[in-house]
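Quick caveat, the model's predicted, so the values are computed rather than measured. Heavy-atom basis, side chains included; hydrogens, waters and symmetry copies ignored.
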2 protein chains.
Amino acid sequence: MMNIKKVAEFAGVSTATVSRVINSSGPVSEKNRVKVMEAINVLEYRPNTRAREFRMNRSNELITILNDICNPIFAEAIKGMEDVAYENKYHLLIGNTSNNKMREQKYLESLKMGKADGAILITPRIGKKALLELHDRVPIVLMNDYMVDEIIPSVGINDYGASYDMTQYIIKNGHLRIGYIAGNQKVSIAKERKKGFEMALKDNKIPLIDQWVFQAEHTIEGGYQVMKKMMNMADRPTALVCYNDEIAIGVIKCATEEGIKIPEHLSVVGFDNINTSTIISPALTTIHQSAYELGRQAVEMLITLINGEDLKKRRITLDYQLKIRDTVKKLMK
Amino acid sequence: MMNIKKVAEFAGVSTATVSRVINSSGPVSEKNRVKVMEAINVLEYRPNTRAREFRMNRSNELITILNDICNPIFAEAIKGMEDVAYENKYHLLIGNTSNNKMREQKYLESLKMGKADGAILITPRIGKKALLELHDRVPIVLMNDYMVDEIIPSVGINDYGASYDMTQYIIKNGHLRIGYIAGNQKVSIAKERKKGFEMALKDNKIPLIDQWVFQAEHTIEGGYQVMKKMMNMADRPTALVCYNDEIAIGVIKCATEEGIKIPEHLSVVGFDNINTSTIISPALTTIHQSAYELGRQAVEMLITLINGEDLKKRRITLDYQLKIRDTVKKLMK
DNA sequence: TTGTAGGCGTTATCAC
DNA sequence: GTGATAACGCCTACAA
């Protein structure tokens with residue numbers, strides 16, 4: 001195997017000089033620099049990544065631990081992460097948990113063992129205590145989740161506000177009978193979105209009807225099932241706010257099959273603005289957020305942390321946008 | 001910093017014994033085993049991943065280099081890869097190139113430097129020569145691409161056959177005026193699919209009309225643009241075979257906007273069976289392939305290679321299925 | 001500007 | 001069953 005020693009011999013210098021040439025880490029005479037470069041070329045020498053990582057005690061790798069890489073919003077976030085990682089000469093590891101707690105634990109464990117220099121955690125299942133302990137050991141940034149006291153750095157949008165605004169928009173369109181399909185309430189953004197919905201109703205003195213508040217898996221199928229159930233109800237809302245676009249799309253799919261016209265018979269809104277939202281018909285009214293940008297910012301924060309620099313903010317909140325399309329009907333008074 | 005030496009001291013044994021306990025790599029008396037385990041617990045010792053990787057000269061990491069992680073078909077493939085990697089105690093690195101040649105080169109370079117123990121390459125831009133050279137240095141498996149001589153291991157489906165079958169299906173429905181929207185002809189599966197289309201026409205003695213053969217980006221926008229262009233044509237085909245679902249969806253989107261009814265005025269078919277295909281209306285007739293399974297098999301092959309075992313086959317071809325839905329009209333003779 | 005040499009934490013060989 | 005110890009390849013004081 002080729003190594004720095006052989007290169008040094010070949011070039012007639014010491015390993016220290018070769019190392020200095022490779023890393024531009026110290027003074028080297030032009031003459032020696034050339035000799036070393038030649039030796040490297042002739043011998044086709046490539047520094048051993050693993051020896052380096054070992055010696056420097058850093059892997060130049062980041063890991064993101066998340067539930068489902070196939071969720072388009074996460075896939076986009078990963079793209080953002082990867083772009084910034086690449087720009088900073090980091091590599092990105094994927095820790096896909098498939099919603100499996102055991103698997104998440106394994107990834108967190110290998111993170112603790114120093115597999116990566118830092119991590120982006122998306123909706124982890126671990127408790128606050130364990131999270132804080134992890135935070136003590138290795139740089140982490142939370143995405144789509146945050147600790148109220150902002151101890152652990154995080155990125156996200158104002159989910160509460162966005163949901164509030166969306167509900168407000170529906171109310172302005174004359175709706176008084178509004179239902180909600182919530183996400184998993186263990187996920188903090190799901191809680192926030194639900195709170196935003198509830199608060200908007202409250203501020204407008206519109207009653208919250210318990211039977212019209214559902215919970216669903218964060219998938220098209222999840223929304224489909226809820227709508228199916230709702231078909232059996234004699235008294236239905238005129239509008240339905242959904243935790244995310246997938247759920248909303250499931251609702252629309254089921255409604256269409258059942259002959260319920262959207263938005264004539266039922267208004268539906270989503271959250272996230274995934275690609276499909278513009279493709280279904282009618283096009284879905286939803287909240288746009290840039291998962292890509294969220295991913296970028298998360299890694300930028302993370303690298304700052306790894307470098308031991310100070311964070312300007314421990315919480316980065318990006319903007320969102322109401323995307324008004326065709327799934328909300330304006331009701332006459 | 002905690003290390004194996006301190007554990008050994010604490011337990012009153014040698015580092016060799018500690019190592020043997022940790023890795024079950026040799027005989028250890030029960031008494032010593034217990035002492036070592038205790039020491040590990042008390043001292044909260046975790047083996048240093050990087051030292052290990054260095055010593056063993058393997059990273060236990062695989063990398064997949066691909067153009068766009070956000071493409072649902074690739075995201076699914078990655079999920080499959082990650083699952084198998086996880087099952088085999090490997091970690092998966094993502095090398096997203098964003099269609100950037102330079103970036104691809106960088107990833108290939110770090111692969112050569114031993115960053116990962118092996119790689120899954122999806123539609124790389126590198127030539128055959130460079131690919132073979134890479135193949136000599138490090139285990140690789142190709143996905144969605146293959147060398148006709150099967151030197152380099154690969155996974156995929158029979159794209160030629162699938163495209164042929166789909167075209168045949170359209171012909172059986174009475175269509176004689178059939179157009180094609182091709183993908184990037186540098187991508188081998190795009191070539192195969194086009195060939196399948198052409199051969200089906202030929203075998204049925206149906207003329208291939210040059211103006212009806214287009215090329216598009218592999219995106220919704222790409223398909224949209226082609227359809228836009230086709231609107232200006234006086235003489236249009238009655239059916240359009242598309243390289244993939246995204247393109248087909250773009251076509252449908254544009255057609256709908258332009259008042260062209262699908263499939264009444266124009267039949268359209270896709271390829272891949274992405275999620276959205278069942279959501280748009282009308283639901284898209286397409287070819288189903290399991291990208292997830294492709295990803296799984298690719299990594300299984302790769303790990304076999306890394307272990308130095310023999311491959312049963314150098315090319316794995318998975319099945320595909322014609323998904324007949326609502327975008328092809330049966331024409332009366 | 002250059003070279004010597006120690007050490008990072010682990011595994012694995014070899015002798016006991 | 002066990003322990004000393006030599007690698008693995010690199011970087012970086014430190015000395016020259």
Point to revise | Rounded distance in Å - CG (N57(B)) to P (dT10(C)) | key: 17 Å
Check your understanding: Is the shortest side-chain N/O distance from T17(A) to OP1 or OP2 of dG3(C) below 4.0 Å?
Key -> yes
**Study point:** Proximal nucleotide (of dG9(D), dT2(D), dG3(C)) relative to the P27(B) side chain
**Key:** dT2(D)
Point to revise | Options dC10(D), dG3(D), dT1(C), nucleotide nearest the side-chain atoms of V13(B) | key: dG3(D)
Check your understanding: Side chain of V28(B): nearest nucleotide among dT2(D), dT1(C), dT10(C)?
Key -> dT2(D)
**Study point:** dG9(D) phosphate, OP1 or OP2, under 4.0 Å from N48(A) side-chain N/O
**Key:** no
Exercise for review: Flag yes if more than 12 heavy atoms outside Y86(B) fall under 6.0 Å of its OH atom; otherwise flag no.
Suggested key: yes
Point to revise | Greater than 12 external heavy atoms within 6.0 Å of K112(A)'s NZ | key: yes
Review point. Between dC10(D), dT4(C), dT2(C), which one does the side chain of A16(A) approach most closely?
Key: dT4(C)
Practice item. Just compare dT12(D), dT2(C), dT2(D) and give me whichever is closest to any side-chain atom of S19(A). Key: dT12(D)
Point to revise | Nearest-Å distance for atom pair CD/P, residues E9(B) and dT2(D) | key: 18 Å
Point to revise | Earlier contact from the 5' end, DNA chain C, for T15(A) and E30(A) | key: E30(A)
Check your understanding: Between dG9(D) atom P and Y45(A) atom OH, what is the distance in whole Å?
Key -> 10 Å
Practice item. For the side chain of S14(A), starting at C-beta, report the closest nucleotide among dT10(C), dT1(C), dT4(C). Key: dT4(C)
Check your understanding: Of the nucleotides dT10(C), dT2(D), dC10(D), which one has an atom closest to the side chain of I4(B)?
Key -> dT10(C)
Point to revise | Salt bridge flag under 4.0 Å for residues E61(B) and R50(A) | key: no
Check your understanding: Does a side-chain heavy-atom distance below 4.5 Å link K35(A) with N32(A)?
Key -> yes
Check your understanding: Please give, in whole Å, the distance from dG9(D) P to N23(A) CG?
Key -> 17 Å
Review point. Does R20(B) get its side chain close enough to the base of dG3(D), under 3.5 Å, for a donor-acceptor pair?
Key: yes
Point to revise | Verify stack between F54(A) ring and dC10(D) base, 5.5 Å, 30 degrees | key: no
Study note, to complete from the structure: Separation of dT10(C) atom C1' from E53(A) atom CD, nearest Å, is 15 Å
Practice item. For the residue pair V34(A) and E38(A), establish whether any side-chain heavy-atom pair is separated by less than 4.5 Å. Key: yes
Review point. Do K313(B) and P153(B) touch side chain to side chain, with heavy atoms closer than 4.5 Å?
Key: no
**Study point:** side-chain N/O N3(B) vs dT10(C) OP1/OP2, d < 4.0 Å
**Key:** no
Review point. Rounding to a whole Å, what distance do you find between M1(A):CE and dC10(D):C1'?
Key: 13 Å
Revision key, fill the gap. Taken to the nearest whole Å, NZ/K5(B) to C1'/dC8(C) is 11 Å
Check your understanding: Please give, in whole Å, the distance from dT12(D) C1' to R58(A) CZ?
Key -> 16 Å
